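Right, one structure below, let's go through it.
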Amino acid sequence: MWGKGILNGMRITMRNMLRGPITVRYPYERVTLPERARWAVEVVRDESGAHKCTACMTCVRACPDHILDLQFTTAEDKSKHIDYLRYEMGACMMCGLCVEACPFDALKMGQDYELAKLTRDELTVDLLVDVAAAAPARAKKASEVPAGGTDDSRGGGTDG
Amino acid sequence: MSPELASLLRILAAVGLMLMNGVILIYMLRRVLGRLHQRLGPVHVGPQGLLQTPMDVLKLLTKEDITPTNVDKALYFIAPAAVFTPSLMAYAAIPFSPTWMVTDLDTGLLYTLVVMSLVSMGLLMAGWASANKWSLIGGMRSVGQHIAYEIPLLLSVLPVVMYVGTLNLSSIVEAQSGTWLGILPQWFITNPLFWPAFIIFIVSALIKVNQTPFDMSEAESELVAGFATEYSSMKFGLFFLSEFSNSFIVSALAVTLFFGGWTLPFVPDEVLAPIAPVVFMLKVYVGIFVLMWIRGTLPRVRMDHLMQFAWKILIPAVLTWILVFGFIIKLFDLGRPVG
Amino acid sequence: MAIDKLTGENSLAFIKSEQLFDYARSNSLWYLAFGSACCAIEGLMHASGPRFDFDRMGVFFRASPRQADVMIVAGTVNLKLAETVRTLYDQMPEPKWVVAFGACANTGGPFREYPNVLLGVDKILPVDVYVPGCPPRPESIHFAFRELQKKIRGRAEERLEARRDSR
Amino acid sequence: MGESVNTLAFLVMALAAIGGAVGMLTSRNIMYAAFWLLWTMLSVGGLYLLLSAEFLALIQVMVYAGAVSVLMLFVIMLTLRRREDAVRSLDFSPSAALLAAVFLGIMYYGISNATFPEVALLAEAPNTADLGVVLFTMEGGWLLPFEISALVLLAAMVAAVWWTKGQDRR
């Protein structure tokens with residue numbers, strides 16, 4: 001009978017009310033994200049702030065949305081110089097394929113979800129920027145194989 | 001004080017009460033619905049979110065007031081007032097205490113119900129004037145359900161009138177003072193004879209409140225916002241205010257008719273007299289809480305089921321009950337006419 | 001005029017009352033959910049659900065654009081749909097804001113290489129806050145609304161600053 | 001003071017009733033006409049209230065303003081095919097004018113020949129209980145007609161409910 005059903009429904013809502021809210025008061029308390037939660041792509045850096053990117057272009061090819069843009073110049077001595085690794089955060093669907101594809105573990109998925117931006121320009125982030133200050137250090141090791149810039153190109157990234 | 005000034009002040013007090021009620025009830029609704037959903041409701045603006053509704057009102061007041069191109073201008077402007085005025089008028093006969101009422105109408109019960117029935121005309125006006133199919137359907141639905149449930153609502157209070165022999169609301173309250181056998185308060189709700197009438201009254205009174213399960217006229221999943229679709233800023237605020245004021249009136253009527261109004265059992269009159277309005281308001285707010293509880297629980301009824309329920313079940317049921325009730329109180333001589 | 005000094009655009013009374021109104025506006029942002037794809041279900045409905053509870057900060061959902069302050073475009077917008085989105089925006093009363101929610105609304109997202117997809121709603125609407133994510137977390141939209149509130153309240157500060165500069 | 005307030009209220013109500021009637025007749029929009037009719041009925045209810053006939057006033061508002069107007073509005077809305085159909089231009093019909101003239105003449109004759117009793121307002125307004133007493137207990141009273149009409153209405157209602165039940169399709 002639906003008279004009984006109504007009473008049962010009322011009982012359930014009252015039970016919920018007495019059970020108290022389950023709300024997370026977001027700015028004041030936060031949910032602990034699962035370990036493998038994926039948000040914007042970030043560059044892995046060690047303590048000195050150095051990254052491991054070799055400009056191998058694997059991530060760029062792996063990205064299904066074509067949002068990664070890596071531009072590098074090869075110097076005369078065959079050394080690669082990353083001009084920029086541009087990342088369009090606004091179009092990223094955070095699938096993590098670039099991270100899986102990277103053979104040097106230079107990328108990771110960030111856990112920062114406070115990504116809201118006020119202008120469209122901020123949605124495009126340069127993950128790696130080659131700066132002029134890094135040039136002398138690179139020049140010293142010019143003969144070496146360009147494997148994982150240990151300290152040669154300091155990433156002055158403006159990542160979010 | 002001249003009687004004209006006194007009545008003017010009373011009207012102003014009713015307006016103030018209505019506005020305050022609107023502000024408090026919106027806050028209360030959001031908190032109660034929040035808790036029923038295991039949420040918090042507004043908490044961040046002001047202490048415990050108390051400033052939330054004043055902020056909403058302020059925002060609505062400073063919002064742009066749009067008049068869409070194709071609307072019927074005159075009716076579009078009159079409609080919010082036509083909805084607001086009857087729900088304000090309905091405060092006139094409610095007895096808050098033996099002395100606190102706008103006017104002691106001899107036909108108070110009938111007056112309140114009749115005035116409440118005019119609200120739906122304003123809604124139809126708004127629906128027609130908006131030049132929007134959703135508004136029109138919302139207005140038609142609103143009038144349809146109000147008309148259908150008007151009859152069981154009016155008939156369901158008849159047992160009380162037959163028992164007490166008056167339409168005066170404060171006399172009805174006075175008839176409920178005292179106790180049964182010194183244990184139960186002598187409210188009509190403690191008398192099993194009134195339970196069928198009470199159930200029918202609550203079901204039909206829920207229509208007046210215009211909220212789920214009977215919010216057919218502004219069903220958001222079907223009709224955008226029903227009759228209020230084209231209304232912005234404070235015009236929409238007036239619809240909102242009238243709706244919340246209606247829920248206050250309905251609850252006040254239920255308290256007056258079945259829950260003893262401002263009376264309390266076991267409390268001597270000298271103690272009760274100064275706190276009577278507070279007692280009444282507390283009872284009314286408990287009633288409003290139950291309305292909100294129902295709102296937070298039940299899903300929307302389908303329109304044709306709603307109408308069939310009124311015409312085919314509720315009206316025959318209430319007519320039968322009046323007949324049975326009349327026989328009972330005549331045979332056992334139970335009536336207690338006052339005055 | 002003397003009265004202009006007291007109540008004009010540049011007067012303290014005007015700026016202070018405008019500050020109060022901006023505070024009120026920032027605290028009662030009723031949104032028109034324009035959900036056209038998965039973001040609306042996964043991010044937006046979740047954000048107003050019990051766990052994250054949009055109503056805490058006075059944000060709730062109105063179905064009619066006439067009563068909304070913020071338009072949240074959540075989901076892919078086709079070129080055919082763009083007209084409707086623009087109409088809905090035009091139907092909202094001033095002052096109004098737009099939040100682009102999710103990758104599709106920001107830039108076209110995963111579908112941006114298809115010819116029928118609008119490359120971000122900012123092509124047709126003045127977007128105030130962009131929320132990246134596919135879909136964003138409920139907290140992301142809460143954060144976006146806090147940013148929006150800051151932006152709304154900031155207008156009064158700007159006015160005060162301009163007044164100070166003009167002195 | 002009280003007398004002048006009463007006069008003022010009477011004037012307002014009477015003008016509103018007449019104005020509403022004139023508005024109803026002259027407005028070319030049928031929706032407006034319906035709402036003007038509602039307005040007139042409300043004003044007449046107010047006039048009853050001024051005459052201390054509370055019960056009559058409320059019944060007037062309930063039946064005419066609450067139910068009859070709604071019925072009219074429903075019929076109007078269900079029969080209009082477009083919104084534009086609500087507005088009609090004035091079409092003059094001689095037969096209607098003749099009918100109106102005859103009606104006006106009869107009314108004028110009736111009113112000018114009628115003798116109105118010279119009664120002042122009652123000092124104490126009769127309340128609803130008095131109405132009930134008159135209805136049920138007066139000599140040669142109104143009980144029988146009242147009960148018969150109630151029974152007829154009840155029978156009609158029962159018939160309507162029974163009719164709408166329809167065939168049991170299960």
Side-chain angles (χ1 to χ4, degrees), chain A residues 1-42 89-96 109-125 158-160, chain B residues 27-49 52 195-196 198-207 209 211-214 285-302 304-306 308-310 312-314 317 321:
Chain A
M1 259 322 273
W2 52 264
K4 213 169 142 194
I6 288 175
L7 288 183
N8 196 27
M10 302 280 282
R11 186 178 64 81
I12 288 170
T13 37
M14 182 42 82
R15 200 182 59 199
N16 281 351
M17 180 163 185
L18 296 178
R19 207 182 265 165
I22 57 163
T23 308
V24 180
R25 298 157 63 101
Y26 157 64
Y28 308 108
E29 49 187 77
R30 281 152 200 265
V31 182
T32 35
L33 290 185
E35 201 181 321
R36 295 171 67 184
R38 305 190 300 244
W39 297 101
V41 175
E42 286 171 8
M89 191 196 289
C92 180
M93 58 183 191
M94 287 143 193
C95 58
M109 301 306 286
Q111 296 226 334
D112 180 21
Y113 46 76
E114 294 178 338
L115 299 168
K117 302 281 187 286
L118 292 178
T119 57
R120 173 133 195 187
D121 298 338
E122 290 174 69
L123 285 178
T124 308
V125 175
T158 57
D159 48 329
Chain B
Y27 173 71
M28 181 178 160
L29 174 75
R30 287 169 78 172
R31 286 312 293 264
V32 169
L33 275 190
R35 291 301 298 261
L36 287 172
H37 298 162
Q38 301 195 328
R39 296 186 283 125
L40 278 169
V43 284
H44 288 325
V45 191
Q48 285 297 307
Q52 183 63 57
W195 288 354
F198 176 67
I199 291 169
I200 294 170
F201 175 81
I202 282 299
V203 172
S204 7
L206 274 177
I207 290 284
V209 187
Q211 63 180 25
T212 42
F214 302 132
Y285 269 75
V286 170
I288 292 172
F289 170 75
V290 174
L291 292 184
M292 287 171 181
W293 182 13
I294 292 172
R295 177 183 180 146
T297 304
L298 300 177
R300 193 176 298 135
V301 186
R302 219 172 76 188
D304 56 336
H305 288 181
L306 186 70
Q308 285 188 5
F309 184 64
K312 293 186 187 172
I313 298 175
L314 226 45
W321 178 246

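Chain A is the first sequence line, chain B the second, and so forth, proteins listed ahead of strands; every chain is numbered from 1. As the structure is a prediction and not an experimental result, all values here were calculated from the model. Atom set for the values below is all heavy atoms of this structure, side chains included, hydrogens, waters and symmetry mates excluded.
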Would you mind checking which part of A:Arg15 comes under 4.5 Å of any heavy atom in chain B, side chain (CB onward), backbone (N, CA, C, O), both or neither? neither

Check B:Gly296 against A:Thr13 and note the closest heavy-atom contact, atom names and distance. O-CG2, 3.8 Å

Hey, could you give me the CD/CG distance between B:Gln38 and A:Asn16, rounded to the nearest 0.5 Å? 4.0 Å

Side chain to side chain donor-acceptor pair (under 3.5 Å) with A:Thr124: which residues, sequence neighbours excluded? none

Would you name the heavy atoms of A:Met10 and B:Trp293 that are closest together and state the gap between them? O-NE1, 3.1 Å

From OG1 (B:Thr297) to CG (A:Leu7), nearest 0.5 Å: 10.5 Å

Can you list everything that forms a side-chain contact (heavy atoms from CB on, under 4.5 Å) with B:Leu298? Sequence neighbours excluded, please. A:Ile6, B:Pro213, B:Ile294

If you round to the nearest 0.5 Å, how far is OH of A:Tyr28 from NE2 of B:His44? 5.0 Å

